[in-house]
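Because the structure is predicted, anything quoted here is derived from the model rather than measured. Both ligands and their constituent atoms are indexed starting at 1 by order of listing.
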Amino acid sequence: MAEKREIGLFELYDKDPETADKLVFGRVANPDRRGFLRGAGLTTMCAMVGGAIPFAANLPAGFIPVALADTAKIQGKDGLTLLNDRPLNAETPPHLLDDAITPTARHFIRNNGIPPEDVDPETWTLTIDGLVDKPMKLTIADLRDQFEVVKEALTLECGGNGRSFFDPPAKGNQWTLGAVGCSNWTGVRLADVLKAAGVKDGAVYTAHVGADTHLSGDESKLPISRGVPIEKAMNPHNLIAFEQNDAPIHPMNGAPLRLVVPGWPGSCSHKWLTRVWLRDQVHDGPKMTGTSYRVPNRPVEPGEKVDKKDFVIINAMPVKSLITSPVTGHETSNGKVAVRGHAWAGDDKVERVDLSVDFGATWIGAELEDPVNPYAWQTFRAEIDLPQKGYYEVWARATSDKGVAQPHAIAWNPKGYLNNSMHRIAVRSV
Ligand SMILES: Nc1nc2c(c(=O)[nH]1)N[C@H]1C(S)=C(S)[C@@H](COP(=O)(O)O)O[C@H]1N2
Ligand SMILES: [Mo]
């Protein structure tokens, strides 16, 4: 239903609830109540929430039924929470991220524009140009034939994951915890392809281009084009991927070809990839400049105004962990709680994960697995005794091999990036 509209339902409800109501319910609602809902609009709405809405007339104007926001009916995706429909943004509830390898159906989606339709993997090409000795144009078959094909589990996290906890709030997608995943990706090493093209001396930065289109419909504009310093680009774990979990990439995760640049903001991992351009300067494409994917060069007060010139590009993502079991709100009747989750640390390795059930007074070291390969998240687990009946919180704190640990509080920044404060879940012993 999103295709023919100029803007998304969420944005429309935000900006113009009356028009949104008219579109969705087939009539303009009363100022406070939707009144006598009937006709095609209501039928459509009932179909979308999966049943009749007996009290539809009481739903205040401008309210989107929660069921619509909660169940993203995106083909091939399962249980994601929809944050926006145009562009499509959906995250995964923590308990659905329990697997060591994130199933494709549960990998989050972050789109900045409109994905290409009817992509043909047979005719898709990737151009490597700019500061290279031999510019190249490669099909996916060429990539498979000419380069070593590798498969790795790679952690991908949006730079804005955790933004919804910012106070004062930061504009943008209100990600809670689930703009992260660790799927298996199969492809060729970006570094191998760049080496084959011959990186010239003056190349300092990559620029990534994809086939998605700008929300405005303006074909001369790219929705996003970011890049990384050449040193990061040459890291052997960056892949030009054509498979996700041993199958074609999900259309919303960048089919048929995407970059996976693990450890850095997800925005470096360009989807629907058509071109990697080597530049003699820091790339200045859309979402690369201004305050996009940038943070102040110093700690700032929550709410502080920061001059644009004091923003720096985010490189590696910070150390972080996520409790994936039990689900928050869990009740235990045997005085024990088995805790499990994953931890990751940008370009570094996680050295330990500690858990607390007494609001951080004491910590229990969790069992921590090695990553299956560099840049895969690491699973931790522990069984904890709860001393008496009552309410507890489980807090998780990962520490990297550089000795850097997750903070209690958010390091606030104007655009809401890099929230790696500890994950807390509620548990009751009953
Ligand atoms: N072409 C293109 N690539 C893109 C984006 C996009 O909008 N267009 N979004 C980026 C951002 S901000 C993130 S966090 C990741 C998300 O990858 P996923 O949607 O596969 O989870 O893709 C990145 N690659
Ligand atoms: Mo992102």
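- Glu219 places no side-chain N or O within donor-acceptor distance of the main-chain N or O of Gly217, the cut-off being under 3.5 Å.
- Neither the backbone nor the side chain of His208 comes within 4.0 Å of ligand 1, counting heavy atoms alone.
- At a 3.5 angstrom cut-off on N or O pairs, Asn111 does not count as close to ligand 1.
- Geometrically, ligand 1 and His270 share a nitrogen or oxygen pair separated by less than 3.5 Å.
- When only non-hydrogen protein atoms are considered, atom 2 (C) of ligand 1 lies nearest to Asp212 OD2, 3.3 Å.
- Closest to atom 7 (O) of ligand 1, if we only count protein heavy atoms, is Asn112 N, 2.7 Å.
- Near Cys158, with a cut-off below 4.0 Å to any heavy atom, the atoms of ligand 1 are 14 (S).
- An N or O contact shorter than 3.5 Å is missing between Ile224 and ligand 1 by distance.
- A salt bridge links Lys349 with Asp370: the closest approach of a Lys/Arg side-chain nitrogen to an acidic carboxylate oxygen falls below 4.0 angstrom.
- Surrounding CD of Gln281 are more than 12 heavy atoms belonging to other residues, nucleotides or ligands, all under 6.0 Å away.
- Looking at atom 21 (O) of ligand 1, its nearest protein heavy atom turns out to be Phe108 O, 2.7 Å.
- Trp272 does not carry Arg258 over the face of its six-membered ring by the limits of under 6.0 Å from the centre and within 45° of the normal.
- Taking the centre of each ring, His283 and Tyr205 stay at or above the 6.0 Å mark.
- Of the charged side-chain nitrogens involved, none lies within less than 4.0 Å of a carboxylate oxygen, so that Lys200 and Asp280 do not count as a salt-bridged pair.
- Of the N and O atoms on the side chains of Asp284 and Thr289, not one donor lies less than 3.5 Å from an acceptor on the other residue.
- An N or O contact shorter than 3.5 Å is missing between Tyr293 and ligand 1 by distance.
- Residue-to-ligand polar distances keep Glu157 apart from ligand 1: every N/O pair is separated by 3.5 Å or more.
- Distance from atom 17 (O) of ligand 1 to its nearest protein heavy atom, with residue and atom name: Arg258 NH2, 3.3 Å.
- Ion pairing between a basic and an acidic side chain is recognised when a charged N comes within 4.0 Å of a carboxylate O; Asp347 and Lys232 show such pairing.
- When heavy-atom distances to ligand 1 are checked against a 4.0 Å cut-off, Trp272 comes that close only through its side chain, counted from C-beta outward.
- Geometric assessment of Arg397 against the ring of Trp395 yields a negative cation-pi assignment under the 6.0 Å and 45° thresholds.
- For atom 13 (C) of ligand 1, the nearest non-hydrogen atom from the set Pro223, Pro286, Gly266, Ser269 comes from Gly266.
- Atom 10 (C) of ligand 1 has its closest protein heavy atom at Ser267 CA, 3.7 Å.
- The shortest contact between atom 19 (O) of ligand 1 and any protein heavy atom is with Lys271 NZ, 2.5 Å.
- A distance-only check finds no donor-acceptor pair linking the side chain of Lys305 to the backbone of Pro414 [under 3.5 Å].
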